[in-house]
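All remarks here apply to the structure that follows.
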Amino acid sequence: MTDVVDSDELLRRIQRARSWAGREEQTWKARSEELKTADPDSSRDAELRGHTYEAVRKALDEIVTPGVHDGNGQA
């Protein structure tokens with residue numbers, strides 16, 4: 001990252017990343033449900049990916065709105 005950005009641009013970038021992580025989370029969790037009966041191994045892999053994106057989204061949520069989330073990591 002070589003460009004200097006102001007705080008507003010940084011916030012916009014974080015919000016875009018948070019939105020992207022949320023979309024990926026939903027995509028992988030839906031994929032996991034689709035594969036549950038047909039391919040359990042792939043379903044578990046998709047579920048894990050969904051949880052990974054969920055963790056990223058929650059971390060970015062905490063950056064954008066600090067202290068709003070409870071101690072269990074729930075919004």
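Sequential numbering from 1 along the given sequence is applied to the chain's residues.
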Point to revise | Which residues share a side chain to side chain contact (heavy atoms under 4.5 Å, CB included) with D39, sequence neighbours left out | key: L35, D41, S42
Exercise for review: Mind checking salt bridge (Lys or Arg N to Asp or Glu O under 4.0 Å) for E62 and listing every partner two or more places apart, or none if nothing turns up?
Suggested key: none
**Study point:** Distance in Å, E47 CD paired with R31 CZ, rounded so as to fall on 0.5 Å steps
**Key:** 14.0 Å
**Study point:** Nearest non-hydrogen partners of S43 and S32, listed with the distance
**Key:** OG-O, 2.8 Å
Practice item. Apply side chain to side chain contact (heavy atoms under 4.5 Å, CB included) to R18 and list each qualifying residue two or more places apart in sequence or on a separate chain. Key: Q15, R57, L60, D61, V64
Study note, to complete from the structure: Rounded to the nearest 0.5 Å, the CG atom of L10 sits from the CG atom of D6 at a distance of 8.5 Å
Check your understanding: What residues form a side chain to side chain contact (heavy atoms under 4.5 Å, CB included) with T65, not counting sequence neighbours?
Key -> V68, H69
Exercise for review: Could I get the full list of side chain to side chain donor-acceptor pair (under 3.5 Å) partners for R12, not counting sequence neighbours?
Suggested key: E9
Review point. If you measure from the Lys or Arg side-chain nitrogens to the Asp or Glu carboxylate oxygens, is any gap between E33 and K29 under 4.0 Å?
Key: no
Point to revise | W20: hydrophobic cluster co-members (side-chain, 4.5 Å) | key: W28, Y53
